[in-house]
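Accompanying notes for the structure given below.
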Amino acid sequence: LILIFSSNTSLEKASTQTATLTEWTLPDGNSGPWGIDKDQSGKIWFTENQSNSRIGMLDPVTSVLKEWDLPTGTSNPRSIYVKPGGTSIYVYFAEYHADRVGYFDNGTNTFYEWTLQAGARPVSIGSEMCIRDRCVWGLAVQTVQTVSGTNTFIWFTELANNAIGRFEARSQALTLFDLTPINPFKYQPMDITLDPQGNVVFTSISDQANRLSVIRNQTNTLADFTIPTSQAKPTSVRWDSSRSVAWFTEYRSGKVSNLK
């Protein structure tokens, strides 16, 4: 891996004459939409972090909007990941205030949830207190072929528990990668993504961490890449297969960067 930052690249203001920005207002003014993804037909799926905790689906062509209440109220879903599967679409979500991950099968209109084992280290981020043990935030889904057939791995970050989790849907086995023994500071892992080789890339929000990290799939080892700008607070991260880089945002420094 080569760390590439474009912090000194200047941007010119582009003409907005050919750009169209369209907004859709949700029925609940206090819904707090958060995570967003799209399915193969172009429909947009999103989480509603506030109010009754929902997921929603928008057809941008017809403007038809559907919403589903999560089984666990006030669970505050954050990240969302859409995975096609035969005649159904599986919509995975992370429940920040419920210590759960789950998915919605739109073919059967059914929710499935898994409760994660209890942790012990709630933390405060800014003015928002995580009242649960784990504070499940980022989410990425991986389909793998095993000797017993196809399996789904649900990767997630535990912001409060200072860990990366992997949940196996077939066996319901949970594996936690504890970051605490690696460095004396808290990583506070936030967002997560996967490259085509199954390597896990995640951001860490704590000032002490200030890095992008990679869990290598073949060796289960961790590689840290320090961000040149101090206290940059990297937040969201997504893998770009066309360029073979991980793009991430730096909340405090006002930069967009990539890791190659």
Side-chain angles (χ1 to χ4, degrees), residues 32-37 46-50 53 55 70 72 74-81 92-103 113-142 153-167 174-194 200-215 222-227 231-239 246 248-253 259:
W34 194 284
I36 192 167
D37 202 357
F46 54 91
T47 57
E48 298 184 24
N49 176 59
Q50 301 295 334
S53 296
I55 61 170
L70 267 61
T72 303
T74 66
S75 62
N76 300 98
R78 296 286 171 96
S79 294
I80 192 169
Y81 186 99
Y92 291 83
F93 49 87
E95 298 180 69
Y96 180 70
H97 274 166
D99 289 347
R100 297 181 180 185
V101 294
Y103 73 91
E113 292 179 305
W114 296 281
T115 300
L116 306 174
Q117 62 195 44
R121 292 190 288 272
V123 298
S124 176
I125 302 296
S127 61
E128 181 180 16
M129 175 65 72
C130 176
I131 61 175
R132 301 291 296 181
D133 294 318
R134 295 185 176 277
C135 302
V136 182
W137 191 293
L139 186 77
V141 179
Q142 176 187 23
F153 289 175
I154 305 169
W155 290 87
F156 54 91
T157 59
E158 294 188 355
L159 189 145
N161 207 34
N162 207 39
I164 303 296
R166 184 186 68 204
F167 184 83
L174 175 65
T175 302
L176 288 179
F177 299 86
D178 188 4
L179 302 173
T180 305
I182 299 172
N183 278 303
F185 54 76
K186 271 186 176 292
Y187 281 78
Q188 293 181 255
M190 196 170 193
D191 202 10
I192 191 169
T193 191
L194 295 164
V200 178
V201 185
F202 64 92
T203 58
S204 295
I205 196 66
S206 78
D207 288 338
Q208 294 87 352
N210 199 52
R211 63 195 62 205
L212 206 69
S213 303
V214 179
I215 297 178
L222 179 72
D224 282 335
F225 300 90
T226 302
I227 298 171
Q231 298 186 4
K233 282 196 177 294
T235 48
S236 296
V237 61
R238 287 295 179 271
W239 184 260
F248 61 98
T249 55
E250 299 179 25
Y251 172 75
R252 182 173 288 168
S253 70
L259 173 70

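This chain uses plain numbering: 1 for the first residue, then up along the sequence.
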| note | Scanning both residues in full, the closest heavy-atom pair of G165 with L176 reads CA-CD2, 3.7 Å
| query | side-chain contact (heavy atoms from CB on, under 4.5 Å) between I154 and W114: does it pass, once the steps are laid out? | reply | CA-CA 11 Å; I154 305 169; W114 296 281; 3.5 Å; yes
| note | CZ of R100 to CG of L70, rounded to nearest 0.5 Å, is 10.0 Å
| Hey, what do you get for CG (N210) to OG1 (T226), rounding to the nearest 0.5 Å? | 7.5 Å
| task | Would you check if the side chain of T47 reaches a backbone N or O of G35 as a donor-acceptor pair within less than 3.5 Å? | result | yes
| request: Look at the side chain of D207 and the backbone N and O of Q231, then say whether any donor-acceptor pair between them is shorter than 3.5 Å. | output: no
| query | In Å, rounded to the nearest 0.5 Å, how long is the span from CD of E95 to OG1 of T74? | reply | 9.5 Å
| task | Mind checking the OG-CG spacing from S204 to L159? Nearest 0.5 Å is all I need. | result | 9.0 Å
| Nearest heavy-atom pair of V201 and V214: which atoms, and what distance? | CG2-CG2, 4.1 Å
| field | side-chain contact (heavy atoms from CB on, under 4.5 Å) evaluation trace for W34 with Y96 | value | CA-CA 12 Å; W34 194 284; Y96 180 70; over 6 Å; no
| D224 and S213: which non-hydrogen atoms are nearest, and at how many Å? | OD1-OG, 2.6 Å
| said: Using 0.5 Å steps for rounding, measure from the CZ atom of F46 to the CD1 atom of I36. | reply: 8.0 Å
| Donor-acceptor contact below 3.5 Å, side chain S75 vs main chain A98 | no
| Does Y81 reach the main-chain N or O of V141 with its side chain, forming a donor-acceptor pair under 3.5 Å? | yes
| message | Restricting to non-hydrogen atoms, name the atom on K233 and the atom on I205 that form the minimum distance, rounded to 0.1 Å. | response | NZ-O, 2.9 Å
| said: Closer than 3.5 angstrom, by distance alone: can the side chain of T249 be matched with the main-chain N or O of S236 as a donor-acceptor pair? | reply: yes
| Any side-chain heavy-atom pair from D191 and R238 closer than 4.5 angstrom? | yes
| field | Given N162, T203, N161, the one that forms side-chain contact (heavy atoms from CB on, under 4.5 Å) with P189 | value | N162
| request: Check the pair W155, I164 against side-chain contact (heavy atoms from CB on, under 4.5 Å), reporting the backbone distance first and the verdict last. | output: CA-CA 7 Å; W155 290 87; I164 303 296; 3.9 Å; yes
| Can any side-chain N or O of T157 pair as donor or acceptor with the backbone N or O of G138 at less than 3.5 Å? | yes
| request: Could you tell me whether the side chain of S206 and the main chain of K186 form a donor-acceptor pair under 3.5 Å? | output: yes
| request: Take T72 and S53 through the side-chain contact (heavy atoms from CB on, under 4.5 Å) test and state the conclusion after the steps. | output: CA-CA 8 Å; T72 303; S53 296; over 6 Å; no
| note | In this structure, CG of D37 is separated from CD1 of I55 (nearest 0.5 Å) by 11.5 Å
| said: Do L222 and F177 have side chains that approach each other closer than 4.5 Å (heavy atoms only, starting at C-beta)? | reply: no
| N/O donor-acceptor pair under 3.5 Å between N76 side chain and N49 backbone | yes
| said: Could you report the tightest heavy-atom contact between F153 and R166, atom names first, then the distance? | reply: CD1-CD, 3.6 Å
| task | Indicate the atoms forming the closest heavy-atom contact of F248 with L259, along with that distance. | result | CE2-N, 4.2 Å
